[in-house]
Asks: 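Questions regarding the structure given below will be posed in turn.
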Amino acid sequence: MSTVAGAPKQRTPIRPARILLHTFLVVTALAWLAPLLWALLAAMRPYAETSEKGYVSWPDKLTFDNFTNAFQQSDMLHYFGTTLIVAVPAVLLTLLLSSMVAFYVSRFDFRVNLALLLVFTAGNLLPQQVIITPLYRLYLLIDLPGITMSGKLYDSALGLVLIHVAFQSGFCAFVLSNYMRSLPHELTEAALVDGASVWRLYWQIVLPLCKPAMAALATLLSIWIYNDFFWAIVLISTGENMPITSALNNLSGQYFTDPNLVAAGALLTAIPTLIVYFVLQRQFVSGLTLGANKG
């Protein structure tokens with residue numbers, strides 16, 4: 001039955017449950033944004049003003065001087081470079097090695113498939129603080145003369161890259177193995193019949209089909225490794241070799257620390273993370289549920 005032309009459309013009644021849902025979402029969003037907005041307000045206020053009136057007060061003056069001072073005093077441009085030296089190889093190596101493991105356990109039937117996958121994923125269940133003492137001693141014992149500036153695995157970018165690869169490979173192998181299992185087995189079977197080698201099967205057939213999964217994991221890994229603080233503060237002793245998150249200590253003095261300056265520095269370090277998220281937002285969101293379902 002068609003509606004009469006020009007008749008007003010009936011509006012869907014607003015249900016109380018929908019109002020409560022939107023109210024909850026708005027309150028939750030404000031709760032998550034409150035610390036960021038508070039840090040932004042503190043970073044734009046002079047320290048003299050906050051020390052006199054307190055942080056819970058109406059600002060008299062807002063300025064970007066703290067951002068300029070934080071960028072210059074912490075030598076932030078240098079530490080952005082050291083962070084890239086660690087993050088880029090760590091992400092690429094993690095994706096390469098974990099995709100190899102995932103390819104093996106998902107496309108070939110062996111008795112050790114499940115056990116091998118469990119070994120990789122079990123590493124993610126181990127707290128970092130549990131192994132830090134033996135790992136620290138191991139890094140001191142491994143000599144790499146001519147390879148690292150320190151001559152050891154300790155206090156080197158290579159050491160940070162290796163520990164990130166070791167800790168992140170388990171999660172990536174688990175996600176990629178679930179994704180590869182959803183791919184049609186007829187593709188690999190036909191390639192094997194045509195005489196394709198295992199390497200060609202992995203590199204030219206399976207891996208190109210995993211681009212969505214690899215892009216999502218690359219986004220997540222970039223953010224996780226960039227935001228790392230624990231490994232860098234323990235395994236790096238030279239200030240110039242530290243990544244950007246650990247280098248924020250340069251803004252803290254021995255007898256005095258300007259919280260407004262530190263807040264400005266922390267916000268500046270968050271800018272690359274935001275850029276990565278907004279550029280790869282679709283892959284980031286898809287990565288939250290990647291591997292949850294198996295086709």
Side-chain angles (χ1 to χ4, degrees), residues 14-47 49-50 53-59 61-68 70-71 74 76 79-80 83 87 90-91 124-125 127-129 164 167-168 171-172 174-175 212-213 215-233 243-249 251-252 257-293:
I14 300 177
R15 295 175 296 177
R18 191 173 184 84
I19 296 176
L20 290 176
L21 175 61
H22 282 78
T23 303
F24 171 76
L25 293 176
V26 170
V27 172
T28 304
L30 291 176
W32 278 98
L33 288 175
L36 178 62
L37 296 177
W38 192 272
L40 179 61
L41 179 62
M44 297 182 67
R45 300 180 66 182
Y47 176 76
E49 179 183 313
T50 53
K53 301 175 59 176
Y55 286 93
V56 186
S57 59
W58 190 258
K61 179 182 179 182
L62 296 178
T63 177
F64 290 97
D65 291 344
N66 285 327
F67 292 95
T68 304
F71 187 85
S74 63
M76 197 164 289
Y79 292 108
F80 276 132
T83 303
V91 171
N124 292 95
L125 304 178
Q128 300 174 348
Q129 293 81 359
H164 284 307
F167 258 80
Q168 304 297 343
F171 172 77
C172 294
F174 174 77
V175 173
L217 287 174
T219 307
L220 295 171
L221 286 174
S222 299
I223 295 174
W224 290 342
I225 295 175
Y226 178 86
N227 289 330
D228 172 69
F229 178 80
F230 179 78
W231 292 120
I233 205 68
I244 187 65
T245 52
S246 303
L248 286 177
N249 287 332
L251 299 177
S252 301
T257 298
D258 185 350
N260 301 30
L261 191 66
V262 175
L267 291 174
L268 287 175
T269 60
I271 292 177
T273 306
L274 295 175
I275 293 175
V276 170
Y277 173 75
F278 285 118
V279 171
L280 302 174
Q281 184 177 6
R282 182 175 300 177
Q283 289 82 357
F284 184 88
V285 174
S286 64
L288 298 178
T289 57
L290 193 62
N293 297 321

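This chain uses plain numbering: 1 for the first residue, then up along the sequence. Side-chain atoms are counted along with the backbone in the values below, which use heavy atoms only and exclude waters and symmetry mates.
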Asks: Taking the side chain as every heavy atom from C-beta outward, state whether D228 and T245 have any pair of such atoms under 4.5 Å apart.
Replies: no
Asks: Atom OH of Y55 and atom CD of E49: how far apart are they, to the nearest 0.5 Å?
Replies: 10.5 Å
Asks: Is a donor on one side and an acceptor on the other found under 3.5 Å between the side chain of N66 and the backbone of A43?
Replies: yes
Asks: Between L261 and F67, is any pair of side-chain heavy atoms under 4.5 Å apart?
Replies: no
Asks: Please report the interatomic distance OH(Y226) to NE2(H164), rounded to the nearest 0.5 Å.
Replies: 13.0 Å
Asks: Quick check: does any side chain N or O of K53 sit under 3.5 Å from a backbone N or O of W58, one acting as donor and the other as acceptor?
Replies: yes
Asks: Quick check: do M76 and L268 have side-chain heavy atoms less than 4.5 Å from each other?
Replies: yes
Asks: Are D65 and P46 packed together at the side-chain level, in the sense that at least one heavy-atom pair is separated by less than 4.5 angstrom?
Replies: no
Asks: What distance separates N260 CG from M44 CE, expressed to the nearest 0.5 Å?
Replies: 12.0 Å
Asks: Over all heavy atoms of both residues, which pair between C172 and L221 is shortest? Give the atoms and the distance, please.
Replies: SG-CD1, 3.6 Å
Asks: I need the Q168 CD to W224 CH2 distance, nearest 0.5 Å.
Replies: 6.0 Å
Asks: Who passes ring-ring contact (aromatic ring centres under 6.0 Å, His included) against Y47, sequence neighbours left out?
Replies: F256
Asks: Okay, side chain of T269, backbone of I244: is any donor-acceptor separation there less than 3.5 Å?
Replies: no
Asks: Hey, are the side chains of S222 and T219 touching, using non-hydrogen atoms and a 4.5 Å cut-off?
Replies: no
Asks: With a 3.5 Å cut-off and sequence neighbours excluded, list the donor-acceptor pairs that the side chains of residues 23-42 form with protein atoms.
Replies:
from	atom 1	to	atom 2	distance (Å)
T23	OG1	I19	O	2.7
T28	OG1	F24	O	2.7

Asks: Less than 4.5 Å apart, side chain to side chain, heavy atoms only: is that true for P243 and Y79?
Replies: no
